[in-house]
Amino acid sequence: MPELPEVETIVRGLRRRVVGRTIDNAEFRWARTAKGDPDVTVAGLRGQRIEALRRWGKYIVFDLARDGESSVLVVHLRMTGNFLINGEPGPWTRAILTLDGGMSLIFHDIRKFGRFEWAPDIPPRLRELGPEPLEIPFEEFYPRLKARSAQAKAVLLNQEFLRGLGNIYCDEALFRSRIHPKTNTARIGPTRAARLHQAIQEVLADAIEQGGTTVMNYVNSEGTQGYFQLKTFVYGKTGEPCKVCGAPIRKTIIASRSTHYCASCQRR
DNA sequence: CGAGTCCTGTGT
DNA sequence: ACACAGGACTCG
C-alpha cells in the first residue's frame with residue numbers, strides 16, 4: 001500500500017506522538033522483520049530517545065540518541081506494513097516498540113516484507129536514492145530525465161531517479177501529463193517534461209492532502225479506517241472509460257509492473 | 001533487461 | 001486452482 005503520500009501520512013500521524021519519547025523495549029515477533037540479528041536490533045533500540053521522525057522516499061527514519069550517541073532506525077513498510085498506536089497485538093503483528101508513558105507502536109504487516117534496520121546513520125543505499133519528488137526543481141528534473149534512456153514508467157519507478165514514487169503515482173502522473181508510459185525519456189522535450197514535473201508534484205500533493213490512496217484495507221496509525229481517498233484516473237481502472245475522453249483504460253506490463261494508461265490521451 | 005524471491009490475502 | 005497485489009533485492 002504505501003508510496004510516498006501514504007508514508008508521509010503515517011509519519012505525520014506518528015510524529016507528534018513519538019518525538020521526545022524513549023524506546024523502553026522492542027520485540028520482533030517475526031525475526032526477519034529486523035534486518036540482521038533481531039537481538040542486536042533490540043539491544044540497539046532500548047533506551048533510545050526519539051529525537052525526530054522523518055520520511056526519506058518511502059522509508060521512515062527515526063532519529064535516535066542515547067548517551068550522547070546518535071543513530072537511526074530505518075523502517076520500510078514495503079507492501080503491507082503499517083504502524084498502529086496503542087493497538088492490540090494480533091496475528092499480523094511483526095514488531096512492537098514500547099515507549100515510555102505507557103505507549104506502544106505495533107508494526108502490522110501481513111506479507112512480512114517490511115524491514116527495520118538499526119544503523120549508526122542513514123545507510124549508503126538510502127543516500128544513493130534520487131531526490132525527493134516534491135523538492136526537485138524543474139531545472140534539475142529535466143536534465144536528469146534526459147540523461148536516462150528508458151521507458152518513462154520504468155524511469156519513474158526507479159528510486160535512483162526520484163525517491164518515493166510507486167506504481168500508482170507513476171501511472172497517475174503519466175496520465176496527468178499525457179505521456180505514454182513507454183515513451184523513451186531521452187526523447188521527452190521541455191514542454192512535456194514540464195508537464196510531467198508538474199503532474200508528479202500535483203498528484204503527490206493531492207494524495208497527501210487526502211491522506212493517501214486506499215486500495216484494500218487501509219487503516220491509519222490511529223487504527224481507524226481511512227476515510228478520504230485519492231481518486232485515480234487510470235490505476236486499477238482497466239477497461240473503464242477514461243474520465244477525460246471515454247476511451248477504455250488499458251493495462252500492460254512495464255518493468256514487470258502492471259501499467260495503466262489511456263491510449264487516446266497518452267499518445268506515443 | 002527479465003525472472004525469481006520474499007509472503008499472505010483476495011478475487012476470479 | 002490460479003493470477004495478482006502498493007516494493008525492492010539478487011541473480012543470470
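If you're wondering where the values come from, they're calculated on a predicted model, not measured in any experiment. Proteins come first, then strands; the chains are lettered A, B, ... in the order of their sequence lines, and each starts at number 1.
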Should A/Arg29 and A/Glu27 be marked as a salt bridge (Lys or Arg N to Asp or Glu O under 4.0 Å) after you check the CA-CA gap, both sets of side-chain angles, and the distance that decides it?
-> CA-CA 6 Å; A/Arg29 295 194 173 185; A/Glu27 175 192 344; 3.0 Å; yes
side-chain hydrogen bond (donor to acceptor under 3.5 Å, both in side chains) between A/Thr80 and A/Asp109, worked out | CA-CA 5 Å; A/Thr80 56; A/Asp109 183 20; 2.6 Å; yes
Should A/His197 and A/Tyr142 be marked as a ring pair (Phe, Tyr, Trp, His ring centres under 6.0 Å) after you check the CA-CA gap, both sets of side-chain angles, and the distance that decides it?
-> CA-CA 8 Å; A/His197 177 256; A/Tyr142 185 47; over 10 Å; no
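A pairwise comparison of heavy atoms in A/Ile136 and A/Glu140 identifies CG1-CB, 3.8 Å as the closest pair. In terms of heavy-atom proximity, A/Leu77 sits nearest to A/Asn82 at CD2-N, 4.1 Å. The two residues A/Gly102 and A/Asn86 make their nearest non-hydrogen contact at O-OD1, 4.0 Å. The heavy-atom pair separating A/Glu160 from A/Arg144 by the smallest distance is O-NH2, 2.8 Å. Shown here for A/Ala152 and A/Thr185, the closest heavy-atom pair between the two residues is CA-CG2, 3.7 Å.
Comparing the same atom, C1', in C/dG6 and in B/dC1 gives a spacing of 23 Å after rounding to whole Å. Comparing the P positions of C/dT10 and B/dC7 gives a spacing of 15 Å, expressed to the nearest Å.
Atom CZ of A/Arg55 is separated from atom P of C/dG7 by 14 Å (rounded to the nearest Å). To the nearest angstrom, P of C/dG6 lies 15 Å from CG of A/Leu156. Rounded to an integer number of Å, the gap from CG of A/Leu165 to P of C/dA8 is 10 Å. Put simply, CZ on A/Arg148 is 10 Å from P on B/dC1, counting in whole angstrom units. Rounded to a whole Å, the CG atom of A/Leu157 is 12 Å from the P atom of C/dA5. Residue A/His108 contributes atom NE2, which lies 14 Å from atom C1' of B/dC7 at whole-angstrom precision. Distance, A/Met79 CE to B/dT5 C1': 13 Å, rounded to whole Å. Regarding A/Arg111, its CZ atom lies at a distance of 10 Å from the P atom of C/dA5, rounded to whole Å.
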Side-chain donor-acceptor contacts of residues 46-57 of chain A below 3.5 Å, not counting sequence neighbours, with atom names and distances?
unit_1  : atom_1 : unit_2   : atom_2 : d
A/Arg46 : NE     : A/Asn25  : OD1    : 2.8
A/Arg46 : NH2    : A/Asn25  : OD1    : 3.0
A/Gln48 : OE1    : A/Ala65  : N      : 3.4
A/Gln48 : OE1    : A/Arg66  : N      : 3.3
A/Gln48 : NE2    : A/Gly44  : O      : 3.0
A/Gln48 : NE2    : A/Ser71  : OG     : 3.3
A/Arg49 : NE     : A/Glu51  : OE2    : 3.0
A/Arg49 : NH1    : A/Gly20  : O      : 3.3
A/Arg54 : NE     : A/Asp63  : OD2    : 2.7
A/Arg54 : NH2    : A/Asp63  : OD1    : 2.9
A/Arg55 : NE     : A/Glu8   : OE1    : 2.7
A/Arg55 : NH1    : A/Gly57  : O      : 3.0
A/Arg55 : NH1    : A/Glu132 : OE1    : 2.9
A/Arg55 : NH1    : A/Glu132 : OE2    : 3.4
A/Arg55 : NH2    : A/Glu132 : OE1    : 3.0
A/Trp56 : NE1    : A/Leu126 : O      : 2.9

Result block: side-chain N/O donor-acceptor pairs under 3.5 angstrom for residues 169-177 of chain A, not counting sequence neighbours:
unit_1   : atom_1 : unit_2   : atom_2 : d
A/Tyr169 : OH     : A/Glu6   : OE2    : 2.7
A/Tyr169 : OH     : A/Thr213 : OG1    : 2.5
A/Asp171 : OD1    : A/Lys153 : NZ     : 2.7
A/Asp171 : OD2    : A/His260 : N      : 2.8
A/Asp171 : OD2    : A/His260 : ND1    : 2.8
A/Glu172 : OE1    : A/Phe233 : N      : 2.7
A/Glu172 : OE2    : A/Phe233 : N      : 3.3
A/Glu172 : OE2    : A/Val234 : N      : 3.0
A/Glu172 : OE2    : A/Tyr235 : N      : 2.8
A/Arg176 : NH1    : A/Asp206 : OD2    : 3.1
A/Arg176 : NH2    : A/Asp206 : OD2    : 3.4
A/Ser177 : OG     : A/Ala173 : O      : 2.8
A/Ser177 : OG     : A/Leu174 : O      : 3.3

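Phosphate contact (OP1/OP2 of B/dG9, side-chain N/O of A/Trp92, threshold under 4.0 Å): present. Residue A/Gln159 has a polar side-chain atom (N or O) positioned under 4.0 Å from OP1 or OP2 of C/dA8. Between A/His76 and C/dA8 there is a side-chain N or O to OP1 or OP2 distance below 4.0 Å. In terms of phosphate contacts, A/Tyr169 brings no side-chain nitrogen or oxygen within less than 4.0 Å of OP1 or OP2 of C/dG6. A sub-4.0 Å separation between OP1 or OP2 of C/dG6 and a side-chain N or O of A/Lys58 is absent. Not one side-chain nitrogen or oxygen of A/Lys112 sits closer than 4.0 Å to the OP1 or OP2 atom of B/dC6. Between A/Arg32 and the phosphate of B/dC7, there is a side-chain N or O to OP1/OP2 separation shorter than 4.0 Å.
By the 4.5 Å heavy-atom criterion applied to side chains, A/Ile200 and A/Leu134 are not counted as neighbours. Here the side chains of A/Phe62 and A/Val75 are in contact, with some heavy-atom distance below 4.5 Å.
In the set C/dG6, B/dG9, B/dC7, the nucleotide with an atom closest to the side chain of A/Trp30 is B/dC7.
Under the 3.5 Å distance criterion, the side-chain polar atoms of A/Glu3 are left unmatched by any main-chain donor or acceptor of A/Gly164.
Interface residues of residues 114-124 of chain A facing DNA chain B, ordered by number: none; criterion, heavy-atom separation under 4.0 Å. A heavy atom closer than 4.0 Å to some atom of DNA chain C occurs in A/Lys251, A/Arg257, A/Ser258, these being the qualifying members of residues 249-259 of chain A.
Between A/Ile106 atom CD1 and A/Leu84 atom CG the span is 7.0 Å, to the nearest 0.5 Å.
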Between the protein and nucleotides 10-12 of chain C, list every N/O to N/O distance that falls short of 3.5 Å.
none

For DNA chain C, the expected dot-bracket line (Watson-Crick or G-U under 3.5 Å, [ ] crossing, | inter-strand) is |||||.||||||
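Below 30°, between 30° and 60°, or above 60°: for A/Phe116 and A/Phe83 the angle between ring planes is between 30° and 60°, a tilted geometry.
Centre separation under 5.5 Å together with a plane angle under 30° does not hold for the ring of A/Phe113 and the six-membered base ring of B/dC7, so they are not marked as stacked.
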